[in-house]
Novice: 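Got a structure here, written out as structure tokens. Questions coming.
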Amino acid sequence: MSGRRQSSSKRWVERQRRDVYVRQAHEKGYRSRAVFKLIELDRRNVLFRPGQCVVDLGAAPGGWSQYAAERVGRSGLVVAVDVTPMDSIPGVEMVELDITRTGSGELIRRNLQDRQVDLVISDMAPRMSGVVSRDQALALELAEAALKVAGCLLTHHGTLLVKVFEGETTTTFRDQVKERFERYVSRKPAASRNESRERYVIATNPLAGPPSGLEKQ
């Protein structure tokens, strides 16, 4: 390992050691610190209710799905979707799938037990290359894929929670959200690191209403 990589690795380990959310996630049995972003967003916006059907896009390693399953309870359903295989979670259905592929919404629907989807959540992020323009384009592709899946699955009173990265493409994505949802807000939870450009868009009430068929992707 080069000196630069060793230095970067040491910084990452030290940051993890000092991170209060990493420690709390370990203590509470959550799979990632990212769950605390979802907890705060839920408290501020009341995203979850018992009995809901929730689809978690890009779910690995599973922290968001764990929390979602706790909140919807036994009468609810959580479907975790990711291209990467993931260890099972009690109360969560797993779907191994790339949501950017054509027809992903239809494939997810097959795992919904004939239930309508109340909430689609997405904490997806691309593997950052350090090239800002490339990273922005990749992040936009994932956010747009989540938006399309939500358009396929959400009920008329459903909600989409999706991560975006502030930059040149953010306005483009928010314009798309405005066209498809009655209202939306943008949040940056306390658990997001200060240096991160991530924000979370929460959009409610799809304007098209419950889909009669699946939107082609």
Novice: Show your working on side chain to side chain contact (heavy atoms under 4.5 Å, CB included) between Tyr67 and Asp42 and close with a plain yes or no.
Specialist: CA-CA 10 Å; Tyr67 178 75; Asp42 182 28; 2.5 Å; yes
Novice: So, Glu70 versus Tyr30: side-chain donor-acceptor pair below 3.5 Å or not?
Specialist: yes
Novice: Out of Glu198, Lys37, Arg199, which residue meets the side-chain hydrogen bond (donor to acceptor under 3.5 Å, both in side chains) rule with Ser192?
Specialist: Glu198
Novice: Could you report the tightest heavy-atom contact between Ser75 and Val72, atom names first, then the distance?
Specialist: OG-O, 3.8 Å
Novice: Counting C-beta onward and ignoring hydrogens, is there a side-chain heavy-atom pair between His26 and Val22 closer than 4.5 Å?
Specialist: no
Novice: Any donor-acceptor pair under 3.5 Å linking the side chain of Ser122 with the backbone of Val162?
Specialist: no
Novice: CD1 of Ile108 to CD of Glu93: how many Å apart, nearest 0.5 Å?
Specialist: 13.0 Å
Novice: Look at Arg174 together with Glu166 and state whether they make a salt bridge at an N to O cut-off of under 4.0 Å.
Specialist: yes
Novice: Once you round to the nearest 0.5 Å, how far does CE of Met124 lie from CG of Leu138?
Specialist: 12.0 Å
Novice: Using 4.0 Å as the upper bound for N to carboxylate O, is an ion pair formed by Glu144 and Lys148?
Specialist: no
Novice: Can you tell me how far CG of Leu153 sits from CG of Leu112, rounded to the nearest 0.5 angstrom?
Specialist: 6.0 Å
Novice: Are Val46 and Val120 grouped together when hydrophobic residues (ILVMFWY) are joined by side-chain heavy atoms under 4.5 angstrom apart?
Specialist: no
Novice: Return all side-chain donor-acceptor pairs below 3.5 angstrom for residues 50-63, not counting sequence neighbours, or 'none' if the list is empty.
Specialist:
{"residue": "Gln52", "atom": "OE1", "partner": "Arg49", "partner atom": "N", "Å": "2.8"}
{"residue": "Gln52", "atom": "NE2", "partner": "Leu47", "partner atom": "O", "Å": "3.2"}
{"residue": "Asp56", "atom": "OD2", "partner": "Ser65", "partner atom": "N", "Å": "3.2"}
{"residue": "Asp56", "atom": "OD2", "partner": "Ser65", "partner atom": "OG", "Å": "2.6"}

Novice: Side chain to side chain contact (heavy atoms under 4.5 Å, CB included) for Asp118 and Phe48? Distances and angles first, verdict last.
Specialist: CA-CA 9 Å; Asp118 303 289; Phe48 296 93; over 6 Å; no
Novice: Under the criterion side chain to side chain contact (heavy atoms under 4.5 Å, CB included), I'd like the reasoning laid out for Glu141 against Thr100: C-alpha separation, chi angles, the key distance, then a yes or no.
Specialist: CA-CA 8 Å; Glu141 179 183 9; Thr100 64; 4.3 Å; yes
Novice: With the side chain counted from C-beta on, respond yes when Ile89 and Met94 share a heavy-atom pair under 4.5 Å apart, and no when they do not.
Specialist: yes
Novice: Taking the side chain as every heavy atom from C-beta outward, state whether Phe181 and Leu154 have any pair of such atoms under 4.5 Å apart.
Specialist: yes
Novice: Glu96 side chain to Val81 main-chain N or O, any donor-acceptor pair under 3.5 Å?
Specialist: no
Novice: Distance check, rounded to the nearest 0.5 Å: Asp123 atom CG versus Leu41 atom CG?
Specialist: 9.5 Å
Novice: Using side chain to side chain contact (heavy atoms under 4.5 Å, CB included), reason through Arg31 and Asp87 one step at a time and then give a plain yes or no.
Specialist: CA-CA 10 Å; Arg31 296 185 180 184; Asp87 292 339; 3.8 Å; yes
Novice: Do Glu182 and Thr204 come close enough that some side-chain heavy atom pair is under 4.5 Å?
Specialist: no
Novice: What distance separates Leu77 CG from Asn111 CG, expressed to the nearest 0.5 Å?
Specialist: 9.0 Å
Novice: Just wondering, do Leu161 and Trp64 contact through their side chains at under 4.5 Å, heavy atoms?
Specialist: yes
Novice: Got Arg115 and Arg109 here, is their nearest side-chain heavy-atom distance under 4.5 Å?
Specialist: no
Novice: Please confirm whether the backbone N or O of Ala191 pairs with a side-chain atom of Arg33, one donor and one acceptor, at under 3.5 Å?
Specialist: yes
Novice: With heavy-atom distances below 4.5 Å as the criterion, would you say the side chains of Leu142 and Lys163 are in contact?
Specialist: no
Novice: Give the minimum heavy-atom separation between Val149 and Ser104, together with the two atoms involved.
Specialist: CG2-OG, 3.8 Å
Novice: Is Ser186 close to Tyr200 at the side-chain level, that is, under 4.5 Å between some pair of heavy atoms?
Specialist: no
Novice: Over all heavy atoms of both residues, which pair between Phe165 and Ala125 is shortest? Give the atoms and the distance, please.
Specialist: CZ-CB, 3.8 Å
Novice: Do you know which two heavy atoms are closest between Leu160 and Ala150, and how far apart they sit?
Specialist: CD1-CB, 3.9 Å
Novice: First locate atom CD1 of Ile202, then atom CG of Asn45, and finally report the distance between them rounded to the nearest 0.5 Å.
Specialist: 3.5 Å
Novice: Are Ile121 and Val83 co-members of a hydrophobic cluster defined by side-chain heavy atoms under 4.5 Å apart?
Specialist: no
